[in-house]
A.B. asks: 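Okay, handing you the structure first.
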Amino acid sequence: MNALITLFWRLAIFRASPEHTPYSQSVFALVLLLWSGLQLLVGLLQQGLPASLLLGSQWIALTVLLGGTFMMLAFKGLGGRWLQTATSLVGVDVVLSLANLPLLFSGWLFGPGADWVQVFILLLVSWQLAAQAFIFHRALNVGPFLGLGIAMALLVASYGSVAVLLPAVMAPGG
């Protein structure tokens with residue numbers, strides 16, 4: 001387990017590439033299980049919405065991310081890279097969600113008036129976007145800026161999908 005967390009941390013700081021991730025369905029299942037548990041914990045620390053609704057929105061966003069990744073890899077004839085790329089994307093999310101937990105806990109303790117917490121959360125989201133861009137850059141054999149464009153497009157598609165399928169998540173005050 002330590003080796004996996006170290007690998008995902010190295011991916012998050014651009015020191016490893018998706019090709020270093022094990023090609024294993026059981027590792028992917030384990031990472032998805034960890035991700036689900038962390039998302040549930042994050043949902044419990046959020047204020048204003050039920051954890052089940054937030055977990056559902058995260059699963060929708062993940063489906064869009066992994067489905068979009070599959071389509072792009074297939075389009076480029078690189079479908080064999082999907083498992084490693086998907087494991088890398090979810091694994092980086094796990095590591096950054098772990099880094100996000102103290103911030104979310106601080107927000108839960110200090111309430112919605114803690115604007116400094118939101119700034120750090122925004123920085124973590126930006127870091128995750130950069131890590132995803134790096135993974136796309138390496139997995140799809142595209143330039144770094146195109147990797148960033150892909151990551152941003154999938155982020156927008158994820159938010160759009162959540163807004164359409166679970167509008168209560170996006171409602172003001174929610």
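Side chains included, hydrogens not; waters and symmetry mates left out as well; all remaining heavy atoms used.
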A.B. asks: Under a 4.5 Å side-chain heavy-atom rule over Ile, Leu, Val, Met, Phe, Trp and Tyr, are Phe8 and Ile13 clustered together?
C.D. replies: yes
A.B. asks: As an exercise, state the distance from CG of Leu62 to OG of Ser158, rounded to the nearest 0.5 Å.
C.D. replies: 8.5 Å
A.B. asks: Might you point out which heavy atoms bring Ser161 and Ile60 nearest each other, and give the distance in Å?
C.D. replies: CB-CG2, 3.8 Å
A.B. asks: Is there side-chain contact between Leu146 and Phe136, with heavy atoms separated by less than 4.5 Å?
C.D. replies: no
A.B. asks: Minimum heavy-atom separation for Thr21 and Ser88, please, with both atom names.
C.D. replies: OG1-OG, 2.7 Å
A.B. asks: Nearest 0.5 Å please: distance from the OG1 atom of Thr63 over to the CH2 atom of Trp59.
C.D. replies: 7.0 Å
A.B. asks: If we only count heavy atoms from C-beta on, is the Ile135 to Ser17 side-chain gap below 4.5 Å?
C.D. replies: no
A.B. asks: How far does CD of Gln25 sit from CG of Leu32, to the nearest 0.5 angstrom?
C.D. replies: 11.5 Å
A.B. asks: When the aromatic ring centroids of Trp35 and Phe28 are compared, is their separation below 6.0 Å?
C.D. replies: no
A.B. asks: Using only heavy-atom distances, determine whether the side chains of Thr69 and Thr85 contain a donor-acceptor pair under 3.5 Å.
C.D. replies: no
A.B. asks: At their closest point, which heavy atom of Pro22 faces which heavy atom of Leu7, and how far apart are they?
C.D. replies: CD-CD2, 3.8 Å
A.B. asks: Hydrophobic clusters here meaning ILVMFWY residues chained together by side-chain heavy-atom distances under 4.5 Å, can you tell me if Tyr23 and Val90 are in one?
C.D. replies: yes
A.B. asks: Considering all heavy atoms of both residues, which atom of Gln39 and which atom of Ser97 are nearest to each other, and what is their separation?
C.D. replies: NE2-OG, 3.4 Å
A.B. asks: Please step through side-chain contact (heavy atoms from CB on, under 4.5 Å) for the pair Leu30 and Met1, ending with a clear verdict.
C.D. replies: CA-CA 10 Å; Leu30 174 66; Met1 184 57 86; 3.7 Å; yes
A.B. asks: So, taking the atom named CG in Leu89 and the one named CG in Leu66, what distance separates them when rounded to the nearest 0.5 Å?
C.D. replies: 6.5 Å
A.B. asks: Please step through side-chain contact (heavy atoms from CB on, under 4.5 Å) for the pair Lys76 and Val142, ending with a clear verdict.
C.D. replies: CA-CA 10 Å; Lys76 289 201 67 168; Val142 297; 3.8 Å; yes
A.B. asks: Please say yes or no: joined through hydrophobic side-chain contacts below 4.5 Å, possibly via intermediate residues, are Leu34 and Leu98 part of one cluster?
C.D. replies: yes
A.B. asks: For Arg10 and Arg15, indicate whether the former's side chain and the latter's backbone hold a donor-acceptor pair under 3.5 Å.
C.D. replies: yes
A.B. asks: Starting from the C-alpha separation in whole Å, work towards a yes-or-no answer on side-chain contact (heavy atoms from CB on, under 4.5 Å) for Trp9 and Val92.
C.D. replies: CA-CA 7 Å; Trp9 174 251; Val92 165; over 6 Å; no
A.B. asks: Looking only at heavy atoms, what is the nearest atom pair of Leu73 and Leu140, with distance?
C.D. replies: CD2-CD2, 3.5 Å
A.B. asks: Check whether Arg81 reaches the backbone of Ala139 with its side chain - one donor and one acceptor, N or O, closer than 3.5 Å.
C.D. replies: yes
A.B. asks: Any idea which heavy atoms bring Gly68 and Leu154 closest together, and the distance?
C.D. replies: CA-CD2, 3.9 Å
A.B. asks: Measure the shortest side-chain to side-chain distance between Leu40 and Leu54 over non-hydrogen atoms and say whether it is less than 4.5 angstrom.
C.D. replies: no
A.B. asks: With rounding to the nearest 0.5 Å, note down the distance linking CD in Gln58 to OG in Ser36.
C.D. replies: 10.5 Å
A.B. asks: Judged by atom type as modelled, is there a donor-acceptor pair below 3.5 Å linking the side chain of Thr87 to the main-chain atoms of Gln84?
C.D. replies: no
A.B. asks: Has the side chain of His137 got a donor or acceptor atom that lies under 3.5 Å from a matching backbone atom of Gly147?
C.D. replies: no
A.B. asks: Got a donor-acceptor contact below 3.5 angstrom from the Ser24 side chain to the Val27 backbone?
C.D. replies: yes
A.B. asks: Give the cluster check for Leu165 versus Leu155: same hydrophobic cluster or not, with ILVMFWY residues linked at side-chain heavy-atom distances below 4.5 Å.
C.D. replies: yes
A.B. asks: Atom CG in Leu83, atom CZ in Phe70: separation rounded to 0.5 Å?
C.D. replies: 11.5 Å
A.B. asks: Is there a path of hydrophobic side-chain contacts, each under 4.5 Å between heavy atoms of I, L, V, M, F, W or Y residues, that connects Leu11 with Leu124?
C.D. replies: yes
